[in-house]
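Heavy atoms only: backbone and side chains are in, while hydrogens, waters and symmetry mates are out. In what follows, chains are A, B, ... by sequence order, proteins preceding strands, each numbered from 1.
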Amino acid sequence: MTTIVFPLPIAEQLYLSVSFVNNTITGTHYLSNGQPTPSSGSPSTTADSVFAKQIKHELESYFKTDSQFTLTCDLQSGTEFQRKVWQALLEIPSGEVKTYGALAKELNSSARAVGNACRQNLFPVIVPCHRVVSASGIGGYAGDTLDKQHGRINFLQIKQWLLAHEKAHIK
DNA sequence: CGAAGAGTAGTCG
DNA sequence: CGACTACTCTTCG
């Protein structure tokens, strides 16, 4: 497995690490000041393979012009339900948002369960869990809610930034 | 508008 | 089972 680290234009000292094996992304994590987020583990290395360059290029394009990703993610981990939710997330186009409730209806589930699955998303940014919002506001991100923030990274600010970047409008 | 309560489904121990 | 959630709807001030 190889990992690259991409600086994010969202905030100072904020990075996205992208891990991959062969031509498949196996996970992405936010890093603050080079330190792994609570849930991640392995130290990062750099690579210059063709796929690594493609990843960097797609990230650059996304953060510059809001382009779509063609990268493929390894969605095999996780439960059946989680994979269904993540697959549904991939079908939300940039600039649009769905509520947890609306997504739940499509999957014959409940809003709370959808929120759970989004929280378990292993591919923030690439799998656009930020395009799912609450019926009454922005909802949570990476475990953070309006009420409580967990780590040093302000995840809600990231969600807000991504949605603004995609020109999505929420309540 | 806000707060409180009930209802909900998926996951973990 | 019971106790968690990135939820939502109704009801009551």
On a whole-Å scale, what distance lies between the P atoms belonging to B/dG7 and C/dA6?
22 Å
What's [X] touching, base or sugar-phosphate or nothing? Going by heavy atoms closer than 4.0 Å.
| X | result |
| --- | --- |
| A/Phe81 | sugar-phosphate |
| A/Gly143 | base |
| A/Ala117 | nothing |

Nearest whole Å is fine: how far is [N] [atom2] from [X] [atom1]?
| X | N | atom1 | atom2 | answer |
| --- | --- | --- | --- | --- |
| A/Lys148 | C/dA6 | NZ | C1' | 11 Å |
| A/Glu106 | C/dT8 | CD | C1' | 16 Å |
| A/Ile92 | C/dA6 | CD1 | C1' | 14 Å |

Side chain of A/Thr99 only, heavy atoms from C-beta on: which candidate in B/dA9, C/dT8, C/dC7 is closest?
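Shortest atom-to-atom distance from the side chain points to C/dT8.
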C/dA6, B/dA9, C/dT8: which one has an atom nearest the side-chain heavy atoms of A/Cys129?
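The closest nucleotide is C/dA6.
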Look at the side chain of A/Tyr141 and the base of C/dA6, then say whether one donor and one acceptor between them are separated by less than 3.5 Å.
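Counting by modelled atom types and ignoring angles, no donor-acceptor contact under 3.5 Å is found here.
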Should the side chain of A/Asn116 and the base of C/dT5 be counted as holding a donor-acceptor pair, with the cut-off at 3.5 Å?
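Per atom types, the contact qualifies.
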Output yes when at least one side-chain N/O atom of A/Ser110 is less than 4.0 Å from OP1 or OP2 of C/dT8, else no.
no
Counting the benzene-type ring for Trp, do A/His150 and A/Phe155 have ring centres under 6.0 Å apart?
no
